[in-house]
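Given the structure is predicted, the values throughout are model-derived calculations rather than measurements. By convention in this document, chain letters (A, B, ...) are assigned in the order of the sequence lines, proteins followed by strands, and residues within each chain are numbered from 1.
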There are 2 protein chains.
Amino acid sequence: MSYTYAYPHPAVTTDIVVFTVENNKLRVLLIQRKLDPHQGNWALPGGFLDIDESIDTCAARELKEETGLEDIFLEQLYTFGAPDRDPRERVISIAYYALMPLQGVELKSGSDAADARWFDIDALPKLAFDHDEIIKLARERLTAKMDYSTLGLMFMPQSFTLSEVQSLYEIVSGQERDKRNFRKWLLGLECLIETGEKKSVGAHRPAMLYRLKDPDNLIITK
Amino acid sequence: MSYTYAYPHPAVTTDIVVFTVENNKLRVLLIQRKLDPHQGNWALPGGFLDIDESIDTCAARELKEETGLEDIFLEQLYTFGAPDRDPRERVISIAYYALMPLQGVELKSGSDAADARWFDIDALPKLAFDHDEIIKLARERLTAKMDYSTLGLMFMPQSFTLSEVQSLYEIVSGQERDKRNFRKWLLGLECLIETGEKKSVGAHRPAMLYRLKDPDNLIITK
DNA sequence: TCAAAAGTGTTAAGACTACACCCATGT
DNA sequence: ACATGGGTGTAGTCTTAACACTTTTGA
């Protein structure tokens with residue numbers, strides 16, 4: 001089967017920058033390419049748009065197929081389309097970024113990926129295509145949005161302590177925050193509620209567990 | 001001549017939301033479609049991506065071809081691609097927005113447009129495709145960015161008075177600003193310099209004309 | 001000399017930052 | 001009993017918001 005058009009058409013793909021925080025580092029998910037071009041190199045998960053699926057659906061589908069991840073925060077980032085970014089044919093890539101909760105970071109290796117691994121964002125391997133550029137932009141967007149929104153909460157599992165949130169914000173932004181001020185800010189947004197449960201993790205006072213009031217709403221505030 | 005692929009490929013277009021301010025109203029440029037689908041309806045300027053041009057180039061080229069406008073602020077907005085947004089074939093539209101300086105709003109009617117006109121953003125006609133959705137998003141981005149950046153200066157001609165800038169900000173955001181505070185903020189960004197010239201427009205004191213220190217840098221500040 | 005927009009500082013309120021001690025628990 | 005992270009309030013600084021009169025010009 002083949003498809004014919006009166007004018008040349010580019011191929012369209014989505015690529016997804018999946019972030020998580022693990023071992024006090026901001027990490028990005030990469031897969032090792034099984035096929036040419038760039039065979040053996042590391043690349044962002046992603047793939048070609050099906051002709052009858054929406055772009056968002058494509059991003060979610062590719063993410064699931066290649067990594068097993070699903071139901072995580074996923075947002076369109078930017079569209080990349082330099083004429084020579086893929087040697088096979090003209091390819092337009094609609095980039096997304098996603099935030100993976102801290103727990104349950106086990107990956108099922110998907111069909112198109114020889115291997116999938118988390119990399120420290122400051123120690124990335126050589127990347128296929130223009131994926132270094134995509135990751136750079138995604139990181140800028142992530143840190144910018146976390147500065148004035150509760151986007152960072154999308155990294156959290158169902159329930160979490162305030163110290164865990166603070167630690168996450170510190171790791172992503174690279175700067176420390178005052179404990180009392182951070183808690184004042186976060187609780188002041190009124191998007192969290194106490195679960196009533198506490199979390200005990202060592203020889204010290206247990207911490208209150210919180211959860212999102214409304215899991216779908218990112219409250220944006222200064 | 002025809003082009004054949006092993007898998008179906010979508011068509012890729014750019015569409016541009018061109019803003020200006022005229023008669024104390026925020027306006028958007030629309031063209032009347034000469035061809036089906038949506039023949040006779042109003043639509044955003046834009047068109048198909050050439051197979052060997054960059055996306056940015058395509059947006060700038062289409063803008064120039066259809067409206068004669070060139071060398072104005074132009075930035076990628078978002079990519080739209082609902083499967084049924086175009087009845088002809090699957091079309092991915094990479095939306096841009098542009099800011100047209102206040103003066104020189106005369107348009108040369110371009111080749112693909114039967115007619116091009118400015119519309120008050122609050123009184124748009126029935127639009128082709130999903131262009132109403134694109135305009136809505138563009139407006140949100142414009143107002144959000146103007147709140148914390150000097151993006152609004154991209155609406156200004158080469159030289160302008162501070163009152164003109166203030167008036168523009170008020171029209172776009174829909175809310176009045178304190179004259180002294182506005183001037184303090186704007187001058188405090190240190191992106192303007194006095195030209196030395198003054199502008200006399202009526203029976204009152206003439207205003208100092210300013211221009212951008214560095215026409216390429218959008219200074220982003222709170 | 002009048003009308004109309006340009007230009008100019010100060011004060012009060014609110015937001016943000018810095019900072020230190022007691023609490024609850026496990027070992 | 002001690003070591004460890006959890007939890008809490010206040011005072012000082014900085015930023016933002018509110019506010020009114022004088023200046024310069026054309027008619």
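Not a single salt bridge (charged side-chain N to carboxylate O under 4.0 Å, His left out) links B:Arg141 to another residue, sequence neighbours left out. Judged as a salt bridge (charged side-chain N to carboxylate O under 4.0 Å, His left out), and not counting sequence neighbours, A:Glu170 has no contacts. The ring pair (Phe, Tyr, Trp, His ring centres under 6.0 Å) test applied to A:Tyr169 returns A:Phe182, A:Trp185, not counting sequence neighbours. Residues satisfying the ring pair (Phe, Tyr, Trp, His ring centres under 6.0 Å) criterion with A:Tyr210, sequence neighbours excluded, are absent altogether.
The nearest pair of heavy atoms linking B:Gln76 to A:Thr79 is OE1-N, 2.8 Å.
Following rounding to the nearest Å, A:Leu192 (CG) and D:dG7 (P) show an atom-to-atom distance of 13 Å. At whole-Å resolution of the value, CZ in A:Phe182 and P in D:dG9 are 19 Å apart. The distance from atom OH of B:Tyr210 to atom P of C:dA6 is 12 Å, rounded to the nearest whole Å. Atom C1' of nucleotide C:dA6 and atom CZ of B:Arg183 are separated by 6 Å, given to the nearest angstrom. In this structure, the NZ atom of A:Lys199 is 13 Å from the C1' atom of D:dG5, given to the nearest Å. Distance NZ (B:Lys198) to P (C:dA5): 18 Å, rounded to an integer number of Å.
For the segment residues 153-176 of chain B, the set of residues with a heavy atom within less than 4.0 Å of an atom of DNA chain D is empty.
One finds no salt bridge joining B:Asp130 and B:Lys136 here, because no Lys/Arg side-chain nitrogen approaches an Asp/Glu carboxylate oxygen to under 4.0 Å.
Looking at heavy atoms from C-beta onward, B:Thr161 lies out of side-chain contact with B:Met208 at the 4.5 angstrom threshold.
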Enumerate the protein-to-nucleotides 18-24 of chain D contacts in which both atoms are nitrogen or oxygen and the separation is below 3.5 Å.
from   : atom 1 : to       : atom 2 : distance (Å)
D:dA18 : N7     : B:Asn181 : ND2    : 2.9
D:dA18 : N6     : B:Asn181 : OD1    : 3.2
D:dC19 : N3     : B:Arg180 : NH2    : 3.2
D:dC19 : N4     : B:Asp178 : OD2    : 3.2
D:dC19 : N4     : B:Arg180 : NE     : 3.4
D:dA20 : N1     : B:Arg180 : NH1    : 3.3
D:dT23 : O2     : B:Arg205 : NH1    : 3.4
D:dT24 : O2     : B:Arg205 : N      : 2.7

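Formation of a donor-acceptor pair under 3.5 Å by the A:Lys213 side chain with backbone atoms of A:Glu190 is found in this model.
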